[in-house]
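Written below as structure tokens is the structure these notes are about.
Proteins get letters first, then strands, A, B, ... in listed order; numbering begins at 1 in each.
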Number of protein chains: 2
Amino acid sequence: MSPLIQSFVLHFGEMGSRWGINRTVGQIYALLYVSEKPLNADEIAEELAFSRSNVSIGLKELQAWRLVKLQHFPGDRREYFSTPEDIWAIFRLLAEERQKREVEPTLTMLRGALMESPANAAERHAQARMQAMYDLIELITSWFAEIQKLDAETLQRLMKLGSRVQKLLQITQSLARFTHRDGGDKEAKAESRAARPDDDEPGTGGNEGEAR
Amino acid sequence: MSPLIQSFVLHFGEMGSRWGINRTVGQIYALLYVSEKPLNADEIAEELAFSRSNVSIGLKELQAWRLVKLQHFPGDRREYFSTPEDIWAIFRLLAEERQKREVEPTLTMLRGALMESPANAAERHAQARMQAMYDLIELITSWFAEIQKLDAETLQRLMKLGSRVQKLLQITQSLARFTHRDGGDKEAKAESRAARPDDDEPGTGGNEGEAR
DNA sequence: TCAAATTTTCAGAGTTTTTTGAAATTTGAA
DNA sequence: TTCAAATTTCAAAAAACTCTGAAAATTTGA
């Protein structure tokens, strides 16, 4: 393998470990990502000097993550693997899987904990903290899901806009205020409060957030 | 420890492993997060039934991530640890550290690989793929950095807006088009191209993106 | 149906990471 | 400066994870 590709592959092997993905899986994915054509398991094992069985397990894992596409060629019984060509599609896939595997279970656990009635001050405080975490995760992930719906072009434009989006928001706010006198201001206040759940006075009676 | 807090702590221990953070560190952080008051190392070791030395190592790691605050109480030599109260601040800290530890090194590796002149078709293709990845990471992280500059309230408003932001963008676009006839359209086209770098025709001569 | 090609499984060897207890070091007050 | 409290270091035990080779299972075409 050329040093160019090798350094890429090795880097993703290392990075994989930091992300709870093992080295083999990281390297296989990196190799497929830069490969010109789909590869079969033997080719991967050969290139990366891993045992055939290790590659088999790695590919299964990648399939479970929906990160590789499987295809066949006429007159060849072996399975060939490749990655999606559109890197946005890859990013989306990764985000969806992490949502399913990490975010959802966390939200479920938090919901469960928030259902309990607190037995003492410590539990009351813990629940307030959990509510803040729940709200943040909910906000970010549902926003992210919304954003995903946008077509690539709009998304691109939004990103290029960066923090200048603030100006845009100010415009709508003025517009809203103009249209129906007080509505805008009221809403802004309520949201600002939700954003920083820790300005709860401690000992006030915890778990004040909306029940879920 | 109450079952309520226990389930939270155990969950974060598990989740930690999936994120390349070890169980001890995950549990310590979770405990500090829900704790009413700062805790010292002995209290943590006691609550979580870890050895004192393990807690010491875990706390060092959390300090390296800037995720815990250290404080002292008068007349007590021990160090007490707590997490920031504002969960947005925690989120920001985490994002900054991951940027530094994972994103930056990846960008550096990619830049290095993109500097090389490709020796053959395979390398040319690999570089085109790496360029696409580089562009995506750059776009997302620089946008994220921009967004971070917004105050909590604006950010909140943006998130609540969700995909309705599209309408807002359409307004600015029409405005731009109105103000100086063709400018808006041209820009939109260029951006759309950058957004999906894989519509590069393969074999055209790779590495077409702007050199970095 | 068979048999060749291919993929998957799995026990166990190998490796890495985590955790511990004991010892060493650091710290702050007297 | 000394001393005891507090923290850190470190070698090694324990646990977790990775990887392999051999064998089993599956698939496909004749």
- Task: Between dC19(D), dC10(D), dT19(C), spot the one nearest the side chain of R23(B), thanks.
- Result: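 Nucleotide nearest to R23(B)'s side chain: dT19(C).
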Review point. Which nucleotide sits closest to the side chain of F50(B): dT20(C), dT20(D), dT8(D)?
Key: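 Taking heavy atoms from C-beta onward, the closest nucleotide is dT20(C).
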May I have the distance from [X] (atom [atom1]) to [N] (atom [atom2]), rounded to whole angstrom?
| X | N | atom1 | atom2 | result |
| --- | --- | --- | --- | --- |
| D76(A) | dT7(C) | CG | P | 9 Å |
| E46(A) | dT20(D) | CD | P | 14 Å |
| E79(A) | dT27(D) | CD | P | 10 Å |
| R78(A) | dA4(C) | CZ | P | 18 Å |
| R18(B) | dC17(D) | CZ | P | 12 Å |
| R77(B) | dT7(D) | CZ | C1' | 10 Å |
| F73(B) | dT27(C) | CZ | C1' | 19 Å |
| N54(B) | dA12(D) | CG | C1' | 15 Å |

* Min side-chain heavy-atom separation N40(B)-I44(B) under 4.5 Å ->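 Contact flag for N40(B)/I44(B) side chains = no.
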- Would you call the rings of Y80(A) and F73(A) parallel, tilted or perpendicular, where under 30° means parallel and over 60° means perpendicular?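 The arrangement is perpendicular - the two ring planes meet at more than 60°.
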Practice task
Fit a plane to each ring of F8(A) and Y33(A), take the angle between them on a 0 to 90° scale, and name the class: parallel (under 30°), tilted (30 to 60°) or perpendicular (over 60°).
Solution key: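 Rings of F8(A) and Y33(A): parallel, as their planes differ by under 30°.
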Any strand counts, and the cut-off is 3.5 Å on both contacts for Watson-Crick or G-U wobble. Which nucleotide pairs with dG29(D)?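 By the stated definition (distances under 3.5 Å), dC2(C) pairs with dG29(D).
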query = Would you say the side chain of S51(A) and the base of dG21(D) hold a donor-acceptor pair, judged only by whether the two atoms sit under 3.5 Å apart?
reply =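 Answer no: no donor N or O sits under 3.5 Å from an acceptor.
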Between [X] and [N], is there a side-chain N or O to OP1/OP2 distance below 4.0 Å?
| X | N | answer |
| --- | --- | --- |
| K60(B) | dT9(D) | yes |
| S53(A) | dG21(D) | no |
| R52(A) | dT7(C) | yes |

Which residue, Y80(A) or N22(B), contacts DNA chain C at a nucleotide closer to its 5' end, judged by nearest heavy atom?
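Closer to the 5' end of DNA chain C: Y80(A).
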Mapping H72(A) and T24(A) to their closest nucleotides on DNA chain D, which lands nearer the 5' end?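 With H72(A) and T24(A) compared, the 5'-side residue is T24(A).
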Note to self: Is it the case that over 12 heavy atoms from other parts of the model lie below 6.0 angstrom from the CD atom of E46(B)?
What the structure shows: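 No, because the 6.0 Å sphere around CD of E46(B) holds 12 heavy atoms or fewer from other groups.
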Original post:
Centre of W19(B)'s six-membered ring, under 6.0 Å away, within 45 degrees of the axis: is that where NZ or CZ of R98(A) sits?
Top reply: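 Pair R98(A)/W19(B) counts as cation-pi.
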